[in-house]
Number of protein chains: 4
Amino acid sequence: MSVVGMSAAGIAVPAAGSGRRRAPAMAREARRRAILDAALAAFSTHGFAETKLDEVARRAGVAKGTLYLYFTDKEALFRALVEETIAAALLDADALVAGFSGTTGELLERLMTLLADRVLEGPAAALVRLMLGEGARFPELAVFYHGHVVSRGLALIRQVAQRGLDRGELTSDLAVRFPQLVVAPAILAVVWNGLFAAVEPLDTRALLAAHRELLLKGLGWRDS
Amino acid sequence: MSVVGMSAAGIAVPAAGSGRRRAPAMAREARRRAILDAALAAFSTHGFAETKLDEVARRAGVAKGTLYLYFTDKEALFRALVEETIAAALLDADALVAGFSGTTGELLERLMTLLADRVLEGPAAALVRLMLGEGARFPELAVFYHGHVVSRGLALIRQVAQRGLDRGELTSDLAVRFPQLVVAPAILAVVWNGLFAAVEPLDTRALLAAHRELLLKGLGWRDS
Amino acid sequence: MSVVGMSAAGIAVPAAGSGRRRAPAMAREARRRAILDAALAAFSTHGFAETKLDEVARRAGVAKGTLYLYFTDKEALFRALVEETIAAALLDADALVAGFSGTTGELLERLMTLLADRVLEGPAAALVRLMLGEGARFPELAVFYHGHVVSRGLALIRQVAQRGLDRGELTSDLAVRFPQLVVAPAILAVVWNGLFAAVEPLDTRALLAAHRELLLKGLGWRDS
Amino acid sequence: MSVVGMSAAGIAVPAAGSGRRRAPAMAREARRRAILDAALAAFSTHGFAETKLDEVARRAGVAKGTLYLYFTDKEALFRALVEETIAAALLDADALVAGFSGTTGELLERLMTLLADRVLEGPAAALVRLMLGEGARFPELAVFYHGHVVSRGLALIRQVAQRGLDRGELTSDLAVRFPQLVVAPAILAVVWNGLFAAVEPLDTRALLAAHRELLLKGLGWRDS
DNA sequence: CATGAATGAGAGTTCATTCAT
DNA sequence: TATGAATGAACTCTCATTCAT
């Protein structure tokens with residue numbers, strides 16, 4: 001499965017015979033994707049510093065030098081990986097919130113499911129973990145991540161919480177003031193499964209369900 | 001300030017000029033501590049792989065070779081750092097819970113303050129962050145950490161939650177079943193401040209206060 | 001300006017549209033020349049080892065792979081450059097000496113002017129400098145250079161010196177025995193301008209004029 | 001034979017027991033010298049770019065990493081080589097001129113012998129050749145070389161020439177105006193032997209003797 | 001015990017050369 | 001024939017580890 005391009009967004013296929021003999025145009029993108037996939041696997045297994053580009057190249061099925069045709073250097077590869085992979089992650093959540101008409105309790109459940117499906121499992125989880133682990137050493141990346149993922153995610157939560165207040169479904173504004181509290185268990189779950197999966201696996205969905213229950217009650221839910 | 005030895009145990013200073021040149025038995029321990037302190041500073045700044053032993057030695061005020069008189073290799077130093085530093089962290093919490101006689105709500109507040117003071121700030125936070133970042137690459141260390149810190153911490157929470165249930169102060173057993181929910185915001189705070197302190201600092205104490213409010217309400221608190 | 005083909009030989013331009021797509025037989029030669037020109041520029045700027053074939057290709061306006069259709073490898077390109085470019089340099093000098101009827105002093109002046117115009121300035125100087133710098137690493141090339149340029153040049157000088165003796169214009173046979181003494185300042189000038197042009201430029205022509213004066217006097221010139 | 005420290009200048013030996021246990025102090029210098037010697041051999045054989053540090057290390061009898069304890073990088077090694085080796089070269093010439101009391105013709109002969117002995121043969125010749133070959137790619141080095149060697153050398157020549165004029169031994173001031181003419185044959189000899197030693201060796205001393213003869217006559221020598 | 005110079009395996013990166021299109 | 005993406009050998013430089021002093 002490819003990491004990038006999760007949304008079925010049609011990538012503009014270059015018009016046939018556009019240039020001189022530009023046939024590979026698509027192969028180029030596929031190869032780039034293969035490299036990013038390989039990089040994700042390698043980086044999330046070994047971390048940035050311990051990942052050898054030899055391994056990335058091998059996994060991607062290309063020669064080591066080929067990496068440099070697509071990315072300036074190891075760091076650029078890492079950055080591209082984080083930036084391009086994470087981008088699409090929040091789109092569906094945005095869409096979900098925008099078009100939702102049920103109760104805020106239901107909306108919360110749907111969002112948590114989305115979160116669990118799309119972020120807490122699969123390659124995205126590895127990326128989040130990577131970000132958590134290496135972020136301190138890549139300040140710009142942390143800034144990017146904050147701007148493109150974190151702040152947008154928190155804004156979304158605030159929006160949902162405000163919706164609940166507006167509709168009289170919630171009575172506490174805690175989630176508006178501290179949206180982090182809503183995602184905290186998800187972060188914990190990612191971290192937990194990154195560290196202790198082998199020792200004591202955590203049932204992420206059960207945890208999130210319990211969290212939702214706690215949250216609704218804590219926020220003064222009433223089935224208006 | 002020394003990282004280890006948080007308990008104020010007075011370390012016997014060896015009588016000056018004990019032997020000919022035999023470094024006083026205890027100087028060994030002091031030096032070991034200096035190395036661990038230096039290692040904590042270095043590792044939490046740069047991560048495991050990017051930390052040069054040259055820097056650790058310099059910070060500790062010893063020669064590079066000396067490190068090897070105290071630790072087998074870089075990894076052993078890292079392991080010792082995590083293991084020895086974290087040990088004392090939970091002792092006070094244990095003591096607090098054992099000897100507490102107030103309401104569970106108050107106990108919870110005291111525990112959170114303790115958490116904030118001792119784990120979310122200062123060197124321990126760096127260690128937790130280090131564990132989060134590098135843990136995946138040190139499975140044994142994760143096992144150790146789980147056994148000595150995580151499971152003990154969660155047991156403590158379960159104990160407090162059960163106490164609340166037993167005393168009729170809480171009506172929900174969610175915290176008994178998912179004690180992780182109680183610490184999740186603390187984890188989030190550590191991670192946040194590790195990544196985004198410069199972009200958007202998080203008021204950890206306010207967050208934890210809000211969390212406590214949410215938690216008590218969510219767990220069906222009543223001032224019996 | 002093309003480096004090679006200093007003689008104004010008109011090269012027959014092939015009739016347009018000779019075949020189907022067969023690049024006109026002469027376009028090949030033009031392209032080869034373009035590559036050699038590009039190579040001269042690159043090699044004399046960066047030296048052999050530091051010259052990237054990428055740059056040569058770009059300067060020549062061809063693809064990198066195309067270079068290999070014209071030259072076996074980088075070294076062959078370098079060799080061809082030296083060999084083909086230097087060839088024509090001595091022809092005019094030969095002609096000048098052969099057809100000269102004035103005094104040997106005048107001949108010497110004409111030769112020096114020729115030398116200054118054709119060797120000490122322009123692309124040829126770059127080539128000579130290249131030969132001086134890289135020659136030690138290309139022994140065969142040094143042999144070639146010696147055979148085709150150096151020994152012929154020295155022979156020419158000997159011939160002129162002998163002419164002066166025969167005509168009674170000179171009394172010393174030093175220049176016959178050590179013709180190198182005659183060109184030494186030219187070599188120095190090339191080297192000097194290659195190294196110190198920016199620090200302390202050398203007036204090549206003034207130097208050569210002084211050298212001629214010294215030389216004539218030193219060789220016992222008399223205006224027979 | 002060691003390249004550096006040609007003059008018997010006593011290198012300050014560190015006072016015994018100066019520091020804590022600083023024994024190697026001298027070994028350090030010896031090792032540095034070994035590396036410089038190895039570097040000279042390697043660089044003058046293969047040129048800068050083609051010289052592998054592996055070879056330098058092997059020749060010097062040290063590990064590759066050791067090179068970096070003495071020199072920042074390859075370029076620094078090259079620079080140090082040129083700068084330190086060339087330094088002492090002109091000292092004796094200075095001394096010779098300062099303390100000479102014979103005729104200028106004799107002085108010239110002595111200087112040429114000195115030149116032949118010290119610069120045109122042995123390791124210094126390799127260095128000069130190296131400078132000629134690589135100088136264009138190391139502009140700062142060329143500036144250094146000009147300032148420390150070339151301009152001082154030319155000044156010395158001017159001084160000798162002026163001495164000749166003052167004493168009435170010479171009548172032409174050509175050598176004062178163009179001191180380069182005096183050394184040109186030496187440069188030529190270095191170049192020649194670097195390129196054509198195998199094809200047609202040049203008798204440097206005979207060449208210089210002839211040059212001296214030419215020079216004296218050309219400069220209007222008279223045995224005042 | 002302590003030192004820090006020395007070691008050398010290993011990694012990222014470059015670039016001459018190849019070859020499918 | 002021309003292309004230029006792909007290759008991978010080879011290089012410089014780093015740094016954990018060792019060991020003579």
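The sequence lines fix the lettering, A, B, ..., with proteins before strands; numbering per chain opens at 1.
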Enquirer: Counting side-chain heavy atoms from CB outward, which of dA6(E), dT18(F), dA16(E) is closest to Y68(B)?
Expert: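 So the side chain of Y68(B) is nearest to dT18(F).
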Enquirer: In a check of salt bridge (Lys or Arg N to Asp or Glu O under 4.0 Å) between E84(A) and each of R32(A), R79(A), R33(A), which one passes?
Expert: R32(A)
Enquirer: Test D54(A) against every option in K64(A), K74(A), R59(A) by the salt bridge (Lys or Arg N to Asp or Glu O under 4.0 Å) rule and name the one that passes.
Expert: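 Of all the options given, the one that passes is K64(A).
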Enquirer: Determine which bases of DNA chain E form Watson-Crick or G-U wobble pairs with both distances under 3.5 Å, and write the result as a 5' to 3' dot-bracket string with | for other-strand partners.
Expert: .||||||||||||||||||||
Enquirer: Between L67(D) and T66(A), which residue's closest nucleotide on DNA chain E lies nearer the 5′ terminus?
Expert: L67(D)
Enquirer: Start at the 5' end of DNA chain F and walk down; is the nucleotide closest to F48(B) or to V62(C) reached first?
Expert: V62(C)
Enquirer: State, to 0.1 Å, how close G135(B) and A142(B) come at their nearest heavy-atom pair, and which atoms those are.
Expert: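 Minimum heavy-atom separation between G135(B) and A142(B): O-CB, 4.3 Å.
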Enquirer: May I ask you to verify if any side-chain N or O of K52(C) is less than 4.0 angstrom from the OP1 or OP2 atom of dC15(E)?
Expert: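 Yes, within the criterion.
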Enquirer: For L77(A) and dA11(E), give me the distance from atom CG to atom P, rounded to whole Å.
Expert: 17 Å
Enquirer: Between R31(A) and dA6(F), does any side-chain N or O lie under 4.0 Å from OP1 or OP2?
Expert: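 The answer is yes; a side-chain N or O of R31(A) sits under 4.0 Å from OP1 or OP2.
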Enquirer: Consider the side chain of L69(D), meaning its heavy atoms from C-beta on, and name the nucleotide among dA5(E), dT3(F), dT14(E) that approaches it most closely.
Expert: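 Per side-chain heavy atoms of L69(D), the pick is dA5(E).
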Enquirer: For DNA chain E, whose closest nucleotide is more 5', that of G65(D) or that of G61(B)?
Expert: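 The residue whose closest nucleotide sits nearer the 5' end is G61(B).
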Enquirer: Hey, does T72(C) reach any base, or is it just sugar-phosphate, or nothing, if we go heavy atoms under 4.0 Å?
Expert: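 No contact at all - T72(C) keeps every heavy atom at 4.0 Å or more from the nucleic acid.
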Enquirer: Assuming nearest nucleotide by heavy-atom distance, tell me which of L53(D) and T51(B) is located more 5' along DNA chain F.
Expert: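 Result: L53(D).
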Enquirer: Roughly how far, to the nearest 0.5 Å, is the CZ atom of F78(C) from the CG atom of L40(C)?
Expert: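 So the gap between those two atoms works out to 10.0 Å.
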Enquirer: Tell me the interatomic distance from E50(D), atom CD, to dA16(E), atom P, rounded to whole angstroms.
Expert: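 Result: 10 Å.
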Enquirer: Can you confirm if the NZ or CZ of R129(B) lies within 45° of the ring axis of F43(B) and under 6.0 Å from the centre of its six-membered ring?
Expert: no
Enquirer: Quickly work out the D73(A) CG to dT13(E) P distance and round it to whole Å.
Expert: 5 Å
Enquirer: Please state how far atom NZ in K74(B) lies from atom P in dT14(F), giving the value in whole angstrom units.
Expert: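 One finds 15 Å between P of dT14(F) and NZ of K74(B), rounded.
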Enquirer: Starting at CG of D54(A) and ending at P of dT13(E), how long is that distance when rounded to a whole Å?
Expert: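 Nearest whole value for this atom pair: 12 Å.
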Enquirer: Picking from dT3(E), dA2(F), dT13(E), which would you name as closest to the side chain of R28(C)?
Expert: dA2(F)
Enquirer: Quickly work out the F78(C) CZ to dT17(E) C1' distance and round it to whole Å.
Expert: 19 Å
Enquirer: Whole Å only: how far is the CD atom of E55(A) from the C1' atom of dG10(E)?
Expert: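 About 15 Å, once rounded to whole Å.
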Enquirer: Counting only side-chain N and O atoms of Y70(C), is one of them less than 4.0 Å from OP1 or OP2 of dT1(F)?
Expert: no
Enquirer: Mind checking F71(D) for me? I need base, sugar-phosphate or nothing, with any heavy atom below 4.0 Å counting as a touch.
Expert: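 If one applies the 4.0 Å heavy-atom cut-off, F71(D) turns out to touch nothing in the nucleic acid.
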Enquirer: Could you pull out the closest heavy-atom pair between R137(A) and H46(B), with the gap in Å?
Expert: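 Taking every non-hydrogen atom into account, CD-O, 2.8 Å.
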Enquirer: Which part of the nucleic acid, if any, lies within contact of K64(C), taking any heavy atom under 4.0 Å across all strands shown: a base, the sugar-phosphate backbone alone, or nothing?
Expert: base
Enquirer: Please round to the nearest 0.5 Å and tell me the distance separating atom OH of Y145(B) and atom CG of L130(B).
Expert: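 The OH atom of Y145(B) sits 10.0 Å away from the CG atom of L130(B).
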Enquirer: Would you kindly give the CZ-to-C1' distance between R58(B) and dC15(F), to the nearest whole Å?
Expert: 14 Å
Enquirer: Using the salt bridge (charged side-chain N to carboxylate O under 4.0 Å, His left out) criterion, which residues pair with D73(C)? Sequence neighbours excluded.
Expert: none
